[in-house]
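Reviewing the structure listed below.
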Protein chains: 2
Amino acid sequence: MEETRTRSGAGRAALRAAAAEAVPPSALEIVRTRSLSSLVAQELERMILAGTLAAGERLNEQSLATRLGVSRGPVREAVRGLERSGLVVAVRNQGSYVRQVSAEEALEIYDLRAAITGLACARLAEAATPAQLGALRALVKRMDEARRAEDAPAYYATNLDFHAALLAHGAGPRTRRLYEELGNELHLFRRRALVEAENMRESNAEHAAMLRAIAAGDAEAARKAGETHIAGGKRRFRATDITTPQPAASKGENGHDAGDPSSPPRPVAGRRGAGRGPRGAA
Amino acid sequence: MEETRTRSGAGRAALRAAAAEAVPPSALEIVRTRSLSSLVAQELERMILAGTLAAGERLNEQSLATRLGVSRGPVREAVRGLERSGLVVAVRNQGSYVRQVSAEEALEIYDLRAAITGLACARLAEAATPAQLGALRALVKRMDEARRAEDAPAYYATNLDFHAALLAHGAGPRTRRLYEELGNELHLFRRRALVEAENMRESNAEHAAMLRAIAAGDAEAARKAGETHIAGGKRRFRATDITTPQPAASKGENGHDAGDPSSPPRPVAGRRGAGRGPRGAA
DNA sequence: CGACTGTCATCTGTCAACAGTTTGCGGCCG
DNA sequence: CGGCCGCAAACTGTTGACAGATGACAGTCG
């Protein structure tokens with residue numbers, strides 16, 4: 001394809017249309033507010049979380065730019081942002097790769113989410129309104145119905161709503177953003193399906209326990225119930241993932257210090273250039 | 001020079017040899033490893049945290065580029081990264097500003113750090129080695145000496161070491177990074193001096209309590225002690241900052257939902273362009 | 001004397017081009 | 001026949017240049 005750098009206007013229009021689809025309120029208005037870089041970043045993040053860009057995959061700037069109908073500049077800026085967010089890792093003169101989250105990191109993220117959920121539950125136990133409690137109860141009830149009907153997708157969706165409501169009422173905006181970012185990182189685990197796997201009965205029983213403690217105004221119990229719930233998810237996650245190194249015995253030296261925080265630049269699958277291969281082939 | 005792309009093989013070997021030899025210090029070698037964008041980002045972050053770029057200050061891309069001796073491209077990429085990190089906020093066609101952290105956000109960050117510290121303490125209570133315990137004890141002892149000598153700077157530095165050691169032994173790399181980022185954000189509070197203000201006696205007593213619980217292997221008590229310590233810092237912070245809205249009475253509706261997560265683009269002080277004024281005037 | 005509008009300089013957003021490096025493939029020598 | 005060298009291509013890193021927008025000053029009208 002030779003349209004690499006010819007008509008950028010058409011491509012941009014395409015991007016605008018794609019971006020406008022998901023947002024009913026205004027059309028070209030968002031373009032006046034958001035810069036191309038941010039739109040590209042949003043789109044890349046969506047692609048990564050949706051799996052269109054798989055974990056470990058290499059990001060070709062030129063290809064992405066052409067695909068989105070923009071120049072390489074905005075793409076580079078967006079990738080830099082995503083790098084800071086921890087969604088991609090970059091190696092100089094080599095390229096950027098969608099980050100791969102190891103099992104250890106996934107478990108660590110579970111711990112963080114547990115702490116945050118516990119924090120929100122404790123806050124909620126101290127200052128929850130009857131309306132908020134009612135909303136949470138309704139969500140638990142909906143999950144129970146989904147569980148009875150064995151409707152896993154519905155349960156999963158409502159579960160997300162429940163946790164979102166928990167954070168919305170019991171935590172500030174910064175905490176919510178952090179929780180969301182951690183959730184996104186969890187999606188980069190090599191087998192993301194594990195993240196969504198849940199034992200509905202066990203899980204919802206824990207939800208109910210959290211709610212009871214919150215309603216009782218027992219901050220300490222609520223915090224613990226929240227932490228336990230996420231720890232349960234972590235346990236179910238670990239039980240499913242056979243390759244996870246169970247820390248079982250070695251309690252002495254918890255060698256957290258080893259290794260890089262982000263996964264190394266291992267090229268993984270996928271070749272880079274086609275060498276001197278025929279470039280005109282269509 | 002016409003040798004642009006002639007002997008890449010020999011040049012490569014030579015460069016590799018040079019790279020292998022000149023490992024210890026840092027020369028122009030870092031430039032070969034890190035990209036300009038990352039270096040600029042690092043420098044900007046340093047400037048922001050050091051106060052060279054004050055909170056609310058506007059970032060002029062051209063000025064920064066000239067000052068750092070690079071083009072605007074790397075600067076823009078770096079700023080995008082810092083924007084994702086939450087250190088700056090950007091408004092389209094208007095510029096980027098060093099983020100201003102409100103009192104509410106600062107308090108929220110304190111809560112998050114408390115949860116993280118509690119997590120690390122609990123982990124440590126379950127799996128701390130005698131060597132780690134000894135190191136922590138030594139730090140507490142050093143702080144006590146600094147307190148007796150009323151050497152606030154020394155106390156502050158050792159306090160940082162103590163918390164760093166806590167995280168290094170009791171948490172994973174992701175947790176440590178998060179803790180550091182939250183600390184950086186705290187530095188963006190309008191009166192950053194408050195963050196560093198500590199009641200040395202009270203603070204170190206809490207350190208000792210944390211250590212006791214960890215040594216006793218009581219994870220729950222250790223977690224609580226860690227949380228209490230940061231909560232104490234939060235309390236001291238709030239007591240000093242008179243403008244903080246004490247949530248005292250209104251327990252009913254905790255309206256966390258209001259407002260943007262990041263401070264608005266308020267232009268704050270500092271004019272932008274000089275208009276059509278005489279530019280040559282000295 | 002106050003409010004409004006026109007004009008302009010500065011800055012950001014974006015694009016296109018240049019330079020350097022890494023990498024794969026083909027050929028050559030041992 | 002295997003390993004090494006050299007070439008070539010693609011890709012990233014960086015720079016410079018161009019358009020659009022923003023904000024402010026200055027003149028003018030009510």
Side-chain angles (χ1 to χ4, degrees), chain A residues 4-9 11-12 15 28 31-41 58-66 68-80 83 88 90-97 265 267 270-280, chain B residues 1-16 19 28 31-40 58-66 68-80 83 88 90-97 265 267 270-281:
Chain A
T4 310
R5 53 179 59 176
T6 44
R7 57 187 180 291
S8 52
R12 191 191 315 187
L15 178 69
L28 185 106
V31 170
R32 200 176 305 283
T33 320
R34 313 278 304 181
S35 74
L36 269 193
S37 309
S38 64
L39 291 178
V40 171
R58 187 166 170 282
L59 301 179
N60 187 316
E61 297 178 358
Q62 183 66 36
S63 166
L64 287 173
T66 305
L68 297 176
V70 298
S71 182
R72 278 180 52 213
V75 172
R76 281 182 63 87
E77 292 179 13
V79 170
R80 278 305 182 287
E83 184 187 1
V88 309
V91 189
R92 172 169 171 119
N93 285 329
Q94 193 172 345
S96 302
Y97 302 84
R271 267 299 185 275
R272 189 155 81 126
R276 67 148 67 179
R279 62 159 170 258
Chain B
M1 47 184 75
E2 55 182 342
E3 65 202 6
T4 310
R5 55 177 58 177
T6 45
R7 57 185 187 298
S8 49
R12 190 195 314 184
L15 285 182
R16 283 204 185 141
L28 180 92
V31 173
R32 201 175 306 284
T33 317
R34 314 276 303 181
S35 77
L36 269 193
S37 310
S38 64
L39 291 179
V40 170
R58 188 167 170 281
L59 300 180
N60 186 317
E61 297 178 356
Q62 184 64 46
S63 167
L64 286 174
T66 305
L68 297 177
V70 296
S71 183
R72 275 181 54 212
V75 172
R76 281 182 63 87
E77 293 179 12
V79 169
R80 277 304 182 288
E83 183 187 2
V88 309
V91 189
R92 173 170 170 118
N93 286 330
Q94 192 171 345
S96 303
Y97 302 84
R271 269 296 185 277
R272 192 156 80 126
R276 68 145 68 180
R279 62 160 170 256

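Note: hydrogens, waters and symmetry copies are ignored here, and every other heavy atom, side chains too, is used. Lettering follows sequence order; numbering is per chain, from 1.
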Need one value for A:G73: base, sugar-phosphate or nothing, where a base atom within 4.0 Å counts as base even if backbone is also close, heavy atoms only.
nothing
[X] side chain, from C-beta outward: closest of [options]:
{"X": "A:R92", "options": "D:dT14, D:dT12, C:dT12", "value": "D:dT14"}
{"X": "B:P74", "options": "C:dC15, D:dT14, D:dC11", "value": "D:dT14"}
{"X": "A:V70", "options": "C:dC15, C:dT21, D:dT15", "value": "C:dC15"}
{"X": "B:R58", "options": "D:dT15, C:dC11, D:dC11", "value": "C:dC11"}

Side-chain N or O of B:S35 versus OP1/OP2 of D:dT12: is the shortest distance under 4.0 Å?
no
So, does A:S37 get its side chain near the phosphate of C:dT14, meaning an N or O under 4.0 Å from OP1 or OP2?
yes
Within this structure, what is the [atom1]-to-[atom2] distance between [X] and [N], rounded to whole angstrom?
{"X": "A:L68", "N": "C:dC15", "atom1": "CG", "atom2": "C1'", "value": "15 Å"}
{"X": "B:L39", "N": "D:dT14", "atom1": "CG", "atom2": "C1'", "value": "13 Å"}
{"X": "A:N93", "N": "D:dT14", "atom1": "CG", "atom2": "C1'", "value": "11 Å"}
{"X": "B:Q94", "N": "C:dG13", "atom1": "CD", "atom2": "P", "value": "10 Å"}
{"X": "B:N60", "N": "C:dT12", "atom1": "CG", "atom2": "P", "value": "5 Å"}
{"X": "A:R76", "N": "C:dG13", "atom1": "CZ", "atom2": "C1'", "value": "16 Å"}
{"X": "B:L36", "N": "D:dG16", "atom1": "CG", "atom2": "P", "value": "12 Å"}
{"X": "B:Q62", "N": "C:dG13", "atom1": "CD", "atom2": "P", "value": "14 Å"}

How far apart are the closest heavy atoms of B:R92 and A:S35, and which atoms are they?
NH1-CA, 3.3 Å
Using the closest heavy atom to pick a nucleotide of DNA chain D for each, name whichever of B:E77 or B:R72 lands nearer the 5' end.
B:E77
Is there a donor N/O on one and an acceptor N/O on the other, under 3.5 Å, for the side chain of A:R34 and the base of C:dG13?
no
Please enumerate all residues that pass side chain to side chain donor-acceptor pair (under 3.5 Å) together with B:S37, with sequence neighbours excluded.
B:E77
With axes from five pairs an end, tell me the bend angle of the helix from C:dC1-D:dG30 to C:dG30-D:dC1, nearest 10°.
10°
Side chain to side chain contact (heavy atoms under 4.5 Å, CB included) with B:V75: of B:V40, B:N60, B:L59, only one passes, and it is B:V40
A:E61: partners by salt bridge (charged side-chain N to carboxylate O under 4.0 Å, His left out), with sequence neighbours left out
A:R72, A:R76
Has A:R58 got a side-chain atom pairing as donor or acceptor with A:Q94's backbone, closer than 3.5 angstrom?
yes
